[in-house]
Amino acid sequence: MRTDEPLVLGIETSCDETGVGIVRGHTLLVDAVASSVDEHARFGGVVPEVASRAHLEAMVPTIERACAQAGVQLRDLDAVAVTAGPGLAGALLVGVAAAKALALALDKPIYGINHLAAHVAVDVVEHGPLPEPTMALLVSGGHSSLLLVPDVTGDVRPLGATVDDAAGEAFDKVARVLGLPFPGGPHIDRAARDGNRVAIDFPRGFTTGRDLARHRFDFSFSGLKTAVSRWVQIRQASGEDVPVADVAASFQEAVVDVLTRKAIAACREHGVDDLLIGGGVAANSRLRALAAARCASAGIRLRVPRPGLCTDNGAMVAALGSLAVARGRTPSELDLPADSSMPVTLVQA
Ligand code: KG4
Ligand code: ZN
């Protein structure tokens with residue numbers, strides 16, 4: 001391994017994962033994650049206060065575990081990177097405070113970086129240098145965005161986003177309607193394997209007429225979610241069994257059809273030949289399969305990090321920090337804020 005490449009530790013605490021990753025250049029040395037997801041399951045969603053407390057407890061042990069597994073001494077780091085936003089305010093504060101303490105104690109530069117850009121940057125540790133510009137479709141419980149990325153360390157342009165629920169949120173809500181556990185995405189994915197994806201023709205938001213004209217690259221999933229619950233209620237009211245696998249498969253198809261259609265249209269319109277899909281929903285098996293098929297027929301190269309790098313983690317923050325160091329980006333100030341609504345155009349705080 002080359003030692004002239006930047007060695008960067010990344011901290012991620014924007015939601016319910018305490019992630020600590022260490023990257024040297026494009027090489028991932030360790031990706032340590034402690035999740036509080038089980039503590040939120042009985043509430044059916046992430047409880048911010050519970051997440052913040054869990055980060056506080058997990059932070060130091062997770063940093064120690066990451067360093068031990070990577071065989072890295074903190075003093076050898078070239079920089080510390082941390083998610084400055086967007087995310088849950090209290091959760092972000094824990095990570096940012098920890099990163100500042102490290103940077104101050106070690107006298108190292110700090111990079112407060114954007115969570116969404118980090119979801120894009122993480123792919124370098126799996127598939128090597130990022131082609132730029134790249135088109136990025138980011139889909140998770142907290143975000144659904146289509147981004148044009150000429151430079152992941154400094155120039156990220158939003159083309160569209162959800163106007164209501166995030167894609168993962170729709171999976172989680174529909175899972176609840178079907179009596180499946182939280183977080184619902186993986187359960188719907190599994191149930192859908194035995195179902196018929198054309199059994200029920202659920203609506204595709206913002207894909208026709210004036211909606212499409214006004215929201216070319218935006219998404220809307222709340223109408224779909226309502227359509228699924230109404231369909232299930234009608235079935236239940238008439239005393240019939242709910243065909244869970246068919247509902248899951250048809251709902252999932254409606255989501256991934258819209259996501260892939262719009263992502264490919266954005267590539268075509270902007271003359272971009274590379275599409276990257278990231279975020280927790282990128283773990284979805286049907287999304288991966290449909291995106292692969294549609295990209296192949298459109299002549300677009302598709303990059304999807306492995307599922308563990310798609311969900312929130314510290315490696316993605318370290319990867320973006322390492323690129324920022326390598327490209328000579330100026331570090332953040334030590335008084336950098338945690339910004340719960342950090343705009344995607346601000347790659348670094
Ligand atoms: O990126 P992530 O770990 O956290 C957020 O930033 O939200 O994404 C979690 C979301 C949840 O909504 C979960 O249901 C969804 O990703 N998810 C999936 C799958 N695995 C996780 N959705 C669909 N299919 C999956 N296989
Ligand atoms: Zn995320």
Side-chain angles (χ1 to χ4, degrees), residues 10-19 21 31 33-38 40-41 43-48 51 83-88 91-92 95 113-123 136-145 147 161-162 165-178 180-193 195 197 221 224-225 248-249 251-260 276-291 304-317 319-320 340 342 344:
I11 297 177
E12 154 63 37
T13 62
S14 67
C15 192
D16 58 343
E17 263 97 27
T18 312
D31 185 24
V33 180
S35 176
S36 61
V37 67
D38 294 344
H40 308 286
F43 301 105
V46 175
V47 184
T83 301
L88 303 171
L92 289 167
I113 54 108
N114 190 301
H115 181 83
L116 298 186
H119 267 304
V120 179
V122 72
D123 196 53
L137 171 68
L138 296 186
V139 276
S140 78
H143 30 83
S144 304
S145 318
L147 310 171
T162 180
D165 294 342
E169 206 177 345
F171 271 92
D172 296 338
K173 288 178 176 171
V174 165
R176 202 194 303 198
V177 168
L178 294 176
L180 300 170
F182 174 85
H187 297 280
I188 292 203
D189 195 346
R190 214 167 302 130
R193 279 179 206 157
R197 51 183 181 254
F221 297 111
L224 170 60
K225 176 199 65 192
F251 157 76
Q252 177 173 274
E253 195 66 12
V255 175
V256 306
D257 176 28
V258 176
L259 292 176
T260 52
L276 183 147
I277 308 184
V281 180
N284 185 268
S285 59
R286 180 64 188 150
L287 175 58
R288 296 172 92 98
L290 189 60
V304 193
R306 63 175 182 267
L309 295 177
C310 285
T311 49
D312 292 348
N313 62 79
M316 64 195 228
V317 183
L320 181 53
S340 61
M342 188 170 179
V344 66

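Order of appearance sets the numbers: ligands from 1, and atoms from 1 within every ligand.
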Quiz item: For ligand 1, is there an atom lying under 4.0 Å from some heavy atom of C15?
Solution: no

With no hydrogens and no angle check, is any side-chain donor or acceptor of [X] less than 3.5 Å from a backbone partner on [Y]?
X	Y	answer
E12	S14	yes
S144	A167	yes
T83	H115	no

Quiz item: Does the ring centre of F182 sit less than 6.0 Å away from the ring centre of F43?
Solution: no

Testing the basics here: between [X] and [Y], what is the closest heavy-atom pair and its distance to 0.1 Å?
X	Y	value
A282	I277	CB-CG2, 3.8 Å
A315	L309	CB-CD2, 4.1 Å
A166	S140	CB-O, 3.4 Å
S145	L116	OG-CD1, 4.2 Å

Do any N/O atoms on [X] end up under 3.5 angstrom from N/O atoms on ligand 1?
X	answer
P183	no
D172	yes
G280	yes
D189	yes
N284	yes
F171	no

Practice problem: Give the residue and atom name of whichever protein heavy atom lies nearest to atom 15 (C) of ligand 1, and the separation in Å to one decimal. | Solution: V281 CG2, 4.0 Å

Quiz item: Of the protein's non-hydrogen atoms, which lies at the shortest distance from atom 4 (O) of ligand 1, and what is that distance?
Solution: D312 OD2, 3.5 Å

Quiz item: What angle, to the nearest 10°, do the atoms NE2 (H119) and NE2 (H115) form about the Zn ion (ligand 2)?
Solution: 90°

Under 4.0 Å to a heavy atom of [X] - the qualifying atoms of ligand 1, by number:
X	result
S140	1 (O), 5 (C), 6 (O), 7 (O), 8 (O)
T311	1 (O), 3 (O)
G142	7 (O)
G141	5 (C), 7 (O), 8 (O), 9 (C), 10 (C), 12 (O)
G168	12 (O)

Quiz prompt | Of all N/O/S atoms in D312, the name of the one nearest the Zn ion (ligand 2) | solution = OD1

Quiz item: So does R288 have more than 12 non-hydrogen atoms from other groups sitting under 6.0 Å from CZ?
Solution: yes

Exercise. Kindly identify the option in G185, A170, A283 whose heavy atom sits closest to atom 23 (C) of ligand 1.
Key: G185

Practice problem: Check step by step if side-chain hydrogen bond (donor to acceptor under 3.5 Å, both in side chains) holds for N313 and E17. | Solution: CA-CA 7 Å; N313 62 79; E17 263 97 27; over 6 Å; no

Quiz item: Using 4.0 Å as the upper bound for N to carboxylate O, is an ion pair formed by D189 and R193?
Solution: yes

Quiz item: Of the backbone and side-chain N, O or S atoms of C15, does one lie nearer to the Zn ion (ligand 2) than 2.8 Å?
Solution: no

